Student: 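Below you will find the structure I want to go over with you.
Throughout, protein chains are lettered first and strands after them, A, B, ... in sequence-line order, and every chain is numbered starting at 1. Note that the structure is predicted; figures quoted are calculated from it, not measured. Every heavy atom of this structure was used, including side-chain atoms; hydrogens, water molecules and symmetry mates were not.
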Amino acid sequence: MESINYQNFRIDAENICVDYNGKVALYDANLRLKPGQICGLVGMNGAGKTTFFNALTGFVNISKGKIRINGESVRSAQKDQTIAYVPQNEGIDSQFPISVWDVVMMGRYGSMNIFRCPRESDVQAVKDAIERVDLTDHLSTPIGNLSGGQRKRTFLARAIAQRASILLLDEPFSGVDIRTEKLISELFIQFKNEGKTILLSTHDMIHVREFCDLVLLINKTVVAYGETSEVFTPENITTTFGGISPDFLFGPES
Amino acid sequence: MELCSFLTIDSFIRDPLTHDFMRKALLMSSLVAAVCGFLSSYLTLKGWALMGDAVSHSVMPGVVVAYALGLPFSLGAFIFGVGSVALIGFIKQKSRVKEDTVIGLVFTGFFALGIVLVSKIKSNIDLHSILFGSPLGISLSDVKQTIIISLLVVILLSIFRKDLMLYCFDPRHAKTVGINVFFLHYLLLTCLSLAAVVGLQSVGIILVVAMLITPGATAYLLTDKFDNMTVIAVLSAIISSLIGIYISFWFDLETGGSIVLAQTFIFLFAFLFAPRYGIFKLKKLFAGYK
């Protein structure tokens, strides 16, 4: 990790603004992440967490500022399959007639030909990814028949199959069983060792302390950003959540 | 006197085939049904039923203008179909009116414009066949157009089959891995407009939306695999067309309405008896006998 040039950030977002038809969703937001870093994105509902993700993936256009992914534009990051997005369980149609295998294969679409015919290597990548999330017994199970945790793992497998170096995870721990939670935390350690960069949004403050090297507190703009041990203070959290005391949010021991 | 013909299934099926117009109607309606059925898988999963209704009604003035100017009716229909969607998007973005309201008011506006235009240039246009379809009276030039458009839609859908499935399922992921979501959105809209154009010959403008959603809805109740859903949708659409046309021939009923009714009955059957998702879950019933 030391050999990496300090200027070569995986994610470098500078003063970005996003507005939807004149309504500001995010302004003057900055974020810099290096390979192997895990950063927690914390904020209220509507604070701009999803908007931040959308800006990084290019799903929405930024009205101001600059985003560099590995020193390049978002467009070329898309072409290079650099970023994988793992949606919230609520963000997907669980009744869609599609199997675990097909979902994970979608992680390979970006690097396939126009007909999306899987090559030997794609099949192997999908197999490996499904094995890593422990869903080999459910290859052809429709996603509608999976538990919340299994579905979450399916989408994680898609990100693994994509071989992305940046993972964006929207509420990875919400609505999952203990087994899945354990598996996800193990995967995070592996991802970190592989030098992947992870940005995850979460409501659970304990997870932030447990996994995140860095934390980005936002409320339409950056409230605080830095090492979790320094920045994740009751004062900052209170500011982020609009004056509500962190005691109220996650117990007095914080 | 026709009752005698009912005595054998053989003559029930064969007699209509002795008429040239019936052979043509059966063939063309099956083709149109297949195209609309193929597309219906995507529309039902994407939640575009209302959009399908909007586009199919909005093509009306296009058809009228094209007839009046002597242009291929598909061209006019296509322009107004896509135009209505663009207008819906524009009004939605620039006003605070909710989307379903905008869709409703735009397509009825277009449809009304079509009706007014027909009344102005009524000489060579048969309003009844536009509104209710006329599969039995389809002309040779219409046959050619229908075949060309149908092939085009089938080819486009086949090439982008998987991308469109991804677009319906998770557009954000599609965008993230560099797939052109903007293109897929308009591709699906284009196919919708074109399918509405060919569909309206069979069942007319008012009912064409049924061709675009009912087979997909039926198939959705019967399978958990996308590819199977497409196949079932296409087959159920074709079968409904054939049933509808036969029934309308023997009982002297409106053909378009008969086709759509056949689709509705097949849907109801799936709704009640689908193995997994039906009300009576046939699988469980059979399991009880073992």
Side-chain angles (χ1 to χ4, degrees), chain A residues 20-22 50 53-54 56-60 69 74-88 91-99 101-103 105-118 140-145 155 158-159 161-164 166-168 170, chain B residues 40-42 44-48 89-97 155-185 187 216-233 274 276-277:
Chain A
Y20 299 109
N21 302 324
T50 305
F53 283 141
N54 285 345
L56 292 175
T57 58
F59 198 65
V60 298
I69 306 291
V74 171
R75 183 83 199 93
S76 65
Q78 291 174 345
K79 282 200 174 124
D80 298 340
Q81 316 295 306
T82 311
I83 301 181
Y85 180 79
V86 179
Q88 255 178 312
I92 50 152
D93 174 8
S94 64
Q95 293 302 306
F96 203 94
I98 192 171
S99 67
W101 178 270
D102 291 333
V103 171
M105 188 57 87
M106 283 175 167
R108 305 295 310 155
Y109 275 19
S111 45
M112 289 181 193
N113 66 20
I114 190 164
F115 298 106
R116 315 295 173 205
C117 298
S140 51
T141 307
I143 59 165
N145 296 357
F155 284 88
R158 183 175 74 178
Q162 193 187 320
R163 307 225 167 94
I166 298 173
L167 300 177
L168 307 180
D170 205 347
Chain B
S40 71
S41 294
Y42 296 98
T44 45
L45 290 173
K46 184 79 190 151
W48 271 12
F90 181 76
I91 295 179
K92 192 189 118 199
Q93 208 170 45
K94 299 286 175 192
S95 77
R96 57 186 295 219
V97 184
I155 290 170
L156 285 174
L157 289 179
S158 303
I159 293 176
F160 296 103
R161 196 169 58 93
K162 290 187 174 175
D163 281 20
L164 285 169
M165 176 178 74
L166 172 56
Y167 170 62
C168 294
F169 178 60
D170 190 352
R172 194 194 303 251
H173 172 72
K175 181 85 186 176
T176 307
V177 296
I179 290 170
N180 193 336
V181 176
F182 180 83
F183 166 76
L184 292 174
H185 180 84
L187 176 71
T218 304
Y220 185 54
L221 291 177
L222 294 171
T223 180
D224 276 319
K225 288 201 178 103
F226 186 81
D227 288 344
N228 293 356
M229 179 171 164
T230 308
V231 172
I232 294 172
R276 250 184 111 79
Y277 301 110

Student: Going by ring pair (Phe, Tyr, Trp, His ring centres under 6.0 Å), name the residues that satisfy it together with A:F59, two or more places apart in sequence or in a different chain.
Tutor: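 Listed in chain order: nothing, the list is empty.
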Student: Identify the two heavy atoms, one from A:M106 and one from B:H173, that lie closest to each other, and give their separation to 0.1 Å.
Tutor: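 Closest pair (atom of A:M106, atom of B:H173, distance): O-NE2, 2.9 Å.
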Student: Show the nearest heavy-atom pair for residues A:D93 and B:F169, with the distance to one decimal.
Tutor: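 Taking A:D93 first and B:F169 second, the nearest heavy atoms are O-CE1, 3.8 Å.
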Student: Please look at B:D224 and chain A and tell me whether the side chain, the backbone, both or neither of the residue comes under 4.5 angstrom of a heavy atom of that chain.
Tutor: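 Both backbone and side chain.
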Student: Please classify the contact of A:F53 with chain B as side chain, backbone, both or neither, using a heavy-atom distance under 4.5 Å.
Tutor: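 Contact with chain B is absent: no heavy atom of A:F53 under 4.5 Å.
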Student: Between A:P97 and B:M229, which heavy-atom pair has the shortest distance, and what is it?
Tutor: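 Closest heavy-atom pair between A:P97 and B:M229: CG-SD, 3.7 Å.
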Student: Where does the angle between the aromatic ring planes of A:F96 and B:F226 fall among parallel (under 30°), tilted (30 to 60°) and perpendicular (over 60°)?
Tutor: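 Answer is parallel, since the angle falls under 30°.
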Student: With respect to chain A, which residue among B:Q93, B:R172, B:K175 yields the maximal number of heavy-atom pairs within a distance under 4.5 Å?
Tutor: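 So the answer, after comparing B:Q93, B:R172, B:K175, is B:R172.
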Student: Does any heavy atom of chain B fall under 4.5 Å from the side chain of A:I143, the backbone, both, or neither of them?
Tutor: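 Side chain only.
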Student: Who among A:F155, A:F115, A:Y85 has the most heavy-atom pairs with chain B under 4.5 Å?
Tutor: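 So the answer, after comparing A:F155, A:F115, A:Y85, is A:Y85.
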Student: What part of A:V103 is in contact with chain B, defined as an atom under 4.5 angstrom from a non-hydrogen atom: side chain, backbone, both or neither?
Tutor: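 Interface part for A:V103: side chain.
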Student: With a 4.5 angstrom heavy-atom cut-off, which part of A:Q95 approaches chain B: side chain, backbone, both or neither?
Tutor: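 Contact with chain B: backbone and side chain both.
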Student: Given that the side chain runs from C-beta out, which part of B:I159 has a heavy atom under 4.5 Å from chain A: side chain, backbone, both or neither?
Tutor: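 Its backbone and side chain both get close to chain A.
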Student: Looking at A:I83 and B:T176, what are the two nearest heavy atoms and their distance?
Tutor: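 For A:I83 versus B:T176, the nearest heavy atoms are O-CG2, 3.0 Å.
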Student: What's the spacing between A:D102 CG and B:M165 CE if we round to 0.5 Å?
Tutor: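 One finds 5.5 Å between CG of A:D102 and CE of B:M165.
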Student: Under 4.0 Å between a side-chain nitrogen and a carboxylate oxygen: does that hold for B:D170 and A:R158?
Tutor: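 Looking at B:D170 and A:R158, the cut-off is met.
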Student: With B:K225, which residues qualify under side-chain contact (heavy atoms from CB on, under 4.5 Å), at least two apart?
Tutor: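 So B:K225 forms a side-chain contact (heavy atoms from CB on, under 4.5 Å) with B:T223, B:N228.
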Student: If you compare all heavy atoms of B:R276 against all heavy atoms of A:N145, which two are closest, and at what distance to 0.1 Å?
Tutor: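 For B:R276 versus A:N145, the nearest heavy atoms are NH2-ND2, 3.1 Å.
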Student: Taking OH in A:Y20 as the centre, count heavy atoms belonging to other residues, nucleotides or ligands within less than 6.0 Å. Is the count above 12?
Tutor: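 Correct, the count exceeds 12.
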Student: Measuring from B:L166:CG to A:Y109:OH, what's the distance to the nearest 0.5 Å?
Tutor: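 If we round to the nearest 0.5 Å, B:L166:CG and A:Y109:OH are 6.5 Å apart.
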